[in-house]
2 protein chains.
Amino acid sequence: MTTRARPRRKVTIKDVAADVGVSLQTISRVLNKSPNVSAKAREKVEEAVARLGYSPSLAARRMGGSKSFLLLALNDRDRTIEQWRAREGIDWVDQMLLGGITTCAEHGYRLILELVDTHSDNIAGELGNALAALRPDGVILTPPHSDNRKVLDILEREGVACARIGGFDQASGTIIRMDDHAAAGRCVEHLAALGHRRIGFVAGDPEYQLSTERLAGYRDAIAAAGLEADDSLIAEGDFGYASGLKAAEVLLSLDRPPTAIIASSDQMALAVMAVARDKAIAMPDQLSVIGFDDTPIARTTTPALTAISQPVAAMTARAAEVLIQPDGDVARGANGQPHVIPFELTVRASTGPAPR
Amino acid sequence: MTTRARPRRKVTIKDVAADVGVSLQTISRVLNKSPNVSAKAREKVEEAVARLGYSPSLAARRMGGSKSFLLLALNDRDRTIEQWRAREGIDWVDQMLLGGITTCAEHGYRLILELVDTHSDNIAGELGNALAALRPDGVILTPPHSDNRKVLDILEREGVACARIGGFDQASGTIIRMDDHAAAGRCVEHLAALGHRRIGFVAGDPEYQLSTERLAGYRDAIAAAGLEADDSLIAEGDFGYASGLKAAEVLLSLDRPPTAIIASSDQMALAVMAVARDKAIAMPDQLSVIGFDDTPIARTTTPALTAISQPVAAMTARAAEVLIQPDGDVARGANGQPHVIPFELTVRASTGPAPR
DNA sequence: TTGAAAGCGCTAACAT
DNA sequence: ATGTTAGCGCTTTCAA
């Protein structure tokens, strides 16, 4: 059982007002950094606030008609829970929280992680409920919600601002993403520089537009580098390990197999490595492998995986900034254009010179 | 820029009342499952609620004096952010969210992850601010907060119920933990059954009481199994990789080194393996290694790591249940006693028969 | 079983 | 520059 002492009554704005000897409004003004408060009054109020340990109630603030100081991060329920359960070290959500929570905290905001079912017919109900219950000042959309028409429509209808991480479609809200097209291209360039001519590609779940984007980036870079453009070098996966196994089987069983493979996720890269090991194909001597995401596992594979790092924390931090200060420099900087956050290619031991 | 249509006015309890033709009270009663509502009225109200897509505002509910439907998960700021930044795959927070968010969702609650600085003198300020701003119905404490006197005092003074994951000290709040003492013992038994007689132990950060607990479990099991009790087989770490390196150096440089080492964290077990590899000590043939936590990395080490799985998701789920239904069966079940959630020893390739 | 009234803590709009 | 008023949407009294 929980032991409880008689709870001390909460200190409210009234207590502060009484203490300082001014009206509630003056306190409120100081709290909200409104103009029209004398320096002297402001000082006295701030002193009293600190001394009494007063913090305004979010609920009351909302009721009074101001901001809610809440941001909602919308993630796909099934995928998120599945990843948590699988314990494969995918830390997308962690990176999101890292960028989101720290940025929110700097502005007195809280981030609430909300899991909603993308495919459910009831997405309107789930989302509507969350919006009605919490009345957040903004919503951060993550893939695959970022391009979900239903979600965007609801948010627009409810008048809730949104930032769309990894979004593509021209629509409402602010888009924040990395350049997936260029990232795939960078992979090709890295491999081309190492002398590879036949480069395989394992695409991701086509439900995610970034899959398409990466594939296009691969194709364009292959063409630009004058390498062999051969559709049999392209296999489709769904980001998961199992799909990577299948794709690798196909690619590595070709008459003229690729000397390098770019996988659209670390998990699929891992699968490629497993199949290669199975076939006694040495890495990186006979086969170079590149992954996407740079999850923790990339560091512990043998050989360690060369991978594209998605700037998830930075994207989420940007998203929070845009929502918290819609008129701030950061938000205005993009002026309707997508915010493109730089990615990185971390070169490790899984890529090397082409054989022969 | 965010495009916004004219936001539709929120549907409130008034709208529902007007629609059904009853008073606000009746709606409120139905929503809160209070008695004294005729079946017919209840039915009509529920229909209207569904049809209008009404969800009560949390803020307004709080203001009205009811529960806030918010639970706060208090984590150590520095350690959490450090782990997120390091990207080593430690998924403690993820497992906590898995158990916490899903359980909260089942009851219409939300979980807010709040990072506070344990060592800061200002912990009272930070925590007080969060409590005042959010007025949560309960707080979930995670190590090392779970035994923090200051934190417990503040919560008690504010009359906020708390569940203490991994807590030990007799104090306020409900304790939910695994049996660390028994877990360390189980490791020893597993190794003893494999014929090991000299078993080393790398302790964790002494700031965490569970470190002490595991060490004691190790000692007791060594004695119970009649194995060599030798304090030089015990090294102190702090859960981190670097400290594991140091500890392993010491243990593996002994005149008579252990044939098996139990590390109080996976990271330290990883370090032990690195040092062993450095010294060309074969695993598991010449050295068996066991870790604690069973983080994702345990699966990808070579050899794969035998480890104790902390039931973090289950503990957090239990914590949420206890706080949400303080008078429910689950909470009453423990009746003031700690809730002890079962752990598991997952045997992988890093443990084998003792040499010779 | 139902309804009416009061108030939670705050802010926006309007005085002064 | 400051104070006053009204009201946000709900729940808890209390009365019928």
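Proteins come first, then strands; the chains are lettered A, B, ... in the order of their sequence lines, and each starts at number 1. Everything quoted here is computed from the prediction, not taken from an experiment.
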For a quick check, tell me whether the side chain of A/Arg29 and the base of D/dG3 share a donor-acceptor pair closer than 3.5 Å.
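Indeed, a donor on one side and an acceptor on the other fall under 3.5 Å apart.
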Starting at atom [atom1] of [X], determine the distance to atom [atom2] of [N], rounded to an integer number of angstrom.
X	N	atom1	atom2	result
B/Lys33	D/dT11	NZ	C1'	16 Å
B/Lys14	C/dG3	NZ	P	16 Å
B/Arg135	C/dC10	CZ	P	10 Å
B/Arg42	C/dT2	CZ	C1'	13 Å
B/Arg61	D/dT12	CZ	P	9 Å
B/Arg62	D/dC10	CZ	P	15 Å
B/Leu58	D/dT11	CG	C1'	14 Å
B/Ile27	D/dG9	CD1	P	15 Å

Nearest-nucleotide comparison on DNA chain C, the residue closer to the 5′ end among A/Gly65 and A/Ala60:
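On the 5' side of the pair lies A/Ala60.
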Could you check if a side-chain atom of [X] sits within less than 4.5 angstrom of a side-chain atom of [Y], using non-hydrogen atoms only?
X	Y	value
B/Leu58	A/Leu134	yes
B/Pro136	B/Leu131	yes
A/Arg135	A/Glu158	yes

Is the shortest side-chain N/O distance from [X] to OP1 or OP2 of [N] below 4.0 Å?
X	N	result
A/Thr26	D/dG3	yes
B/Ser23	C/dT2	no
A/Asn32	C/dT11	yes
A/Ser66	C/dT11	no

Nearest to side-chain heavy atoms of [X], which nucleotide of [options]:
X	options	value
A/Asn36	C/dC10, D/dT2, D/dG9	D/dT2
A/Leu24	C/dT1, D/dC10, C/dT11	C/dT11
A/Thr12	C/dT2, C/dC10, C/dG3	C/dC10
A/Ser38	D/dC10, C/dC10, D/dA1	D/dA1
B/Gln25	D/dT12, C/dT11, C/dG9	D/dT12
A/Ile13	C/dT11, D/dC10, C/dT2	C/dT11

Could A/Asp153 and A/Arg157 be called an ion pair, given the rule that one side-chain N must be under 4.0 Å from one carboxylate O?
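Between A/Arg157 and A/Asp153 there is no salt bridge, as every charged N stays at least 4.0 Å from the carboxylate O atoms.
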Partner of B/Arg164 under side chain to side chain donor-acceptor pair (under 3.5 Å), chosen from B/Asp169, B/Asp147, B/Thr174:
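The passing option is B/Asp147.
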How long is the span from the CG atom in B/Leu141 to the SG atom in B/Cys162, to the nearest 0.5 Å?
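Interatomic distance, B/Leu141 CG to B/Cys162 SG, rounded to 0.5 Å: 5.5 Å.
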So what does A/Ala41 touch, heavy atoms closer than 4.0 Å: a base, only the sugar-phosphate, or nothing?
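The answer is sugar-phosphate, as A/Ala41 gets under 4.0 Å only of primed atoms, P, OP1 or OP2.
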